[in-house]
Amino acid sequence: MAVSSFDKRMMAAAIRYSYRNLGRTGTNPSVTTLLVRDDGEVPVIVGRGITAIGGRPHAETEAILEAGDLARGATAYVTLEPCAHHGSTPPCAEALVRDGIRRVVAATTDPDGRVSGQGYKILEDGGIEVEAGVLASDAEYAMAGYLTQRELGRPHVTLKMALSNDGKIGSRGSGQVAITGPESNAVSHVLRATSDVIIVGIGTVLEDDPSLTCRLPGMEDRTPARLVLDRNLRLPLQSALVRSAHDHPVIVATTRLPDDGKYQQLSEAGCLMMACEESDTGIALPELLDDLAGRGYSTVLVEGGAAVARAFLDAHLVDRIRLYVGPGEIGKDGVEAPVDPDNMPSGFELTGTEIYGADRRFEYERSR
Ligand code: AOF
Ligand code: ZN
C-alpha cells in the first residue's frame with residue numbers, strides 16, 4: 001500500500017506531539033507513536049505514546065498500553081524506527097509484532113548502531129508492512145539534538161538572537177533593551193523549554209542580569225540548565241542566576257581552579273562548577289560541547305551576547321540560527337549583531353520566515 005495523504009497527516013500529528021517531551025528525555029530522542037485503526041467507517045486513533053520523561057519507557061509500548069486489544073490490526077505511525085535492542089526495555093519492534101500491528105509508517109531511521117535497519121527488519125520478518133521515510137525531514141528537524149549527538153558526537157547548537165531593525169542586539173551600558181514584542185518572546189521561551197541547556201557569556205550576565213528561565217504560564221518547570229561562560233569567575237553571588245541556582249541548575253564554565261575562593265563561594269551557592277580548557281579566544285568550545293554531551297545534554301541554545309555568538313560561529317559549532325528582528329532602531333550606541341539577514345555567514349541556508357506581531361523571524365540551518 002502506497003503512502004497516502006492521510007498517512008502524512010497522521011505523521012505530521014505524531015511529529016507535533018513529539019515536541020511535548022523535547023528536552024525532557026535525556027539522551028533519548030522524544031519519539032511519538034500513534035496507533036490508528038480503520039474498521040471501515042472513519043479511522044480512529046486508539047493509542048498515543050511518547051517517550052516518557054527521562055527517556056523510558058519508549059513511545060511504542062506506551063501507545064500499545066493505551067490501545068489495549070485495539071492495537072491488533074492497527075497501523076503504527078512512528079517518528080523514529082522502532083528499536084531492535086534489549087536495553088533498559090525490550091525491543092519495541094518485537095512488541096509491535098507481538099501485539100499484531102498490521103502496518104508501520106516511520107519517519108526517520110535510527111542511527112543508533114544497535115537499531116539502524118534492524119528495527120525495520122524485525123517488523124518485516126514479523127509480517128508487518130513497513131513504509132519508511134515519511135516526512136523524514138520534519139522528524140529530523142524535531143530530533144536534531146539526538147541525531148547531531150549520534151552523528152557528530154556533540155550536542156546540537158541553536159544560536160538565537162534578537163536584532164533591532166538597524167542590526168543591533170542591544171545598547172552599550174544600558175542593560176536589557178526591549179527589541180522584540182511579546183509574541184516573539186513567548187516563542188523564545190518555547191525554545192528555552194525544549195532545549196537542554198542555555199549558554200550565555202559573562203558579559204551578558206553582568207550587563208543584563210538575566211534569569212534565563214522559561215516563564216510561559218504552566219511551563220515554568222521546563223527551564224533548562226543555564227550555563228555561563230565565565231573564565232575568571234566574575235559571576236556575582238547576588239545575580240539572578242546564582243540566586244535561583246537551587247531551583248534550576250546553573251553551570252559555571254571556568255578555567256579557574258577549585259582552590260580559588262570565588263570558586264568555592266559559587267559552589268556553595270549551588271552552582272555546578274565545570275572545569276574547562278582554555279583556547280586563544282576564551283573557553284575552548286569544542287571541548288566544552290564534548291563535556292556537555294558526556295553529561296547527557298543533546299540540545300544547546302546560545303543566547304548571547306555578540307562575542308559568544310561570534311565564537312560559536314567562528315568555531316563552526318552552530319547548526320541552526322534563529323533571528324528575531326524587531327521594528328525599532330537602536331542607533332549608533334548599539335552593539336552590532338554578528339549576523340543579520342543581509343549578512344549571513346556562508347554555509348547556512350534560510351529555511352523559514354515567520355511573522356510574530358511586529359517582528360519577523362528568520363531561521364537558517366547549517367548546510368549538510
Ligand atoms: C524507540 N522508541 O521512544 C525511543 C527510542 O537506553 P534505551 O534502552 O532506552 O535505548 C536508547 C535508544 O533507544 C536510543 O539511542 C534510540 O536508539 C532508541 N530510542 N526507540 O523504539 C522510543 N526513544
Ligand atoms: Zn524502543
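Numbering of ligands and ligand atoms starts at 1, following listing order. Just so we're clear, the structure is a prediction, and the values are computed from it rather than from any experiment.
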* **Spatial distance of atom CG (D247) from atom OG1 (T223) [nearest 0.5 Å]** => 9.0 Å

* Give every protein N, O or S atom lying under 2.8 Å from the Zn ion (ligand 2), naming each by residue and atom. => H58 ND1, C83 SG, C92 SG

* Is any side-chain N of the basic residue among K121 and D125 closer than 4.0 Å to the acidic one's carboxylate O? -> yes

* Structure fact -> Residue, atom and distance of the protein heavy atom nearest atom 21 (O) of ligand 1 read C83 N, 2.8 Å

* Asked: What heavy-atom pair brings A269 and L237 nearest, and what distance separates the two atoms?
  -> CB-CD2, 4.5 Å

* Structure fact -> of all protein heavy atoms, closest to atom 10 (O) of ligand 1 is H85 NE2, 3.0 Å

* Asked: Looking at V134 and V3, what are the two nearest heavy atoms and their distance?
  -> CG2-CG2, 3.8 Å

* Atoms of ligand 1 less than 4.0 Å from V31 heavy atoms? -> 3 (O), 4 (C), 22 (C), 23 (N)

* To do: Fit a plane to each ring of F6 and Y77, take the angle between them on a 0 to 90° scale, and name the class: parallel (under 30°), tilted (30 to 60°) or perpendicular (over 60°).
  => perpendicular

* salt bridge (charged side-chain N to carboxylate O under 4.0 Å, His left out) between R103 and D38, intermediate numbers included -> CA-CA 12 Å; R103 181 167 176 256; D38 188 351; over 6 Å; no

* Asked: Going through the distances and angles, do D260 and K262 end up as a salt bridge (charged side-chain N to carboxylate O under 4.0 Å, His left out)?
  -> CA-CA 6 Å; D260 189 306; K262 185 71 179 289; over 6 Å; no

* Asked: Any ion pair linking R114 and D112 (charged N to carboxylate O, less than 4.0 Å)?
  -> yes

* Considering only heavy atoms of S88, which atoms of ligand 1 have at least one such atom less than 4.0 Å away? -> 6 (O), 7 (P), 8 (O)

* Structure fact -> Across all chains, not counting sequence neighbours, the side chain to side chain contact (heavy atoms under 4.5 Å, CB included) partners of S188 are K160, Y324

* Of all the non-hydrogen atoms in the protein, which one sits nearest to atom 15 (O) of ligand 1, and at what distance? -> D112 OD2, 2.8 Å

* Atoms in ligand 1 with a heavy atom of C92 nearer than 4.0 Å -> 21 (O)

* To do: Flag P29 as yes when one of its N or O atoms lies below 3.5 Å from any N or O atom of ligand 1, and as no otherwise.
  => yes

* Below 4.0 angstrom from a heavy atom of D110, which ligand 1 atoms are there? Numbered from 1 as shown, please. => 16 (C), 17 (O), 18 (C)

* To do: Please write down residue, atom name and distance for the protein heavy atom closest to atom 7 (P) of ligand 1.
  => R56 NE, 3.3 Å

* Structure fact -> Atoms of ligand 1 under 4.0 Å from any heavy atom of P82, numbered from 1 in the order shown, are 21 (O)

* Is it true that the side chains of R56 and T89 contain a donor and an acceptor less than 3.5 Å apart? -> no

* Asked: Is there a nitrogen or oxygen of T89 sitting under 3.5 Å from a nitrogen or oxygen of ligand 1?
  -> no

* **Distance, nearest 0.5 Å, that separates OG1 of T108 from CG of D138** => 11.0 Å

* **SB check R295 D196 (cutoff 4.0 Å)** => no

* **Interfacing atoms of ligand 1 (cut-off 4.0 Å, heavy-atom, Y146)** => 14 (C), 15 (O), 16 (C), 17 (O)

* Asked: Do T158 and S195 have side chains that get closer than 4.5 Å, going by heavy atoms?
  -> no

* **Which of the ligand 1 atoms, numbered from 1, are nearer than 4.0 Å to a heavy atom of R150** => 15 (O)

* atom 2 (N) of ligand 1: the protein heavy-atom neighbour that sits closest, reported with distance to 0.1 Å -> E60 OE1, 2.8 Å

* Asked: Which ligand 1 atoms, with their elements, are less than 4.0 angstrom from a heavy-atom of R114?
  -> 10 (O), 11 (C), 12 (C), 15 (O)

* Asked: Looking only at heavy atoms, is any part of H58 under 4.0 Å from ligand 1, and if so is it the side chain, the backbone, or both, or is it neither?
  -> both

* Counting heavy atoms only, which part of A59 comes closer than 4.0 Å to ligand 1: side chain, backbone, both or neither? -> both

* Closest protein heavy atom (residue, atom, distance) for atom 11 (C) of ligand 1 -> N28 OD1, 3.4 Å

* Asked: Which pair of heavy atoms, one from V157 and one from L289, lies closest together, and at what distance?
  -> CG2-CD1, 3.9 Å

* To do: Over all heavy atoms of both residues, which pair between L317 and P286 is shortest? Give the atoms and the distance, please.
  => CD1-N, 3.8 Å

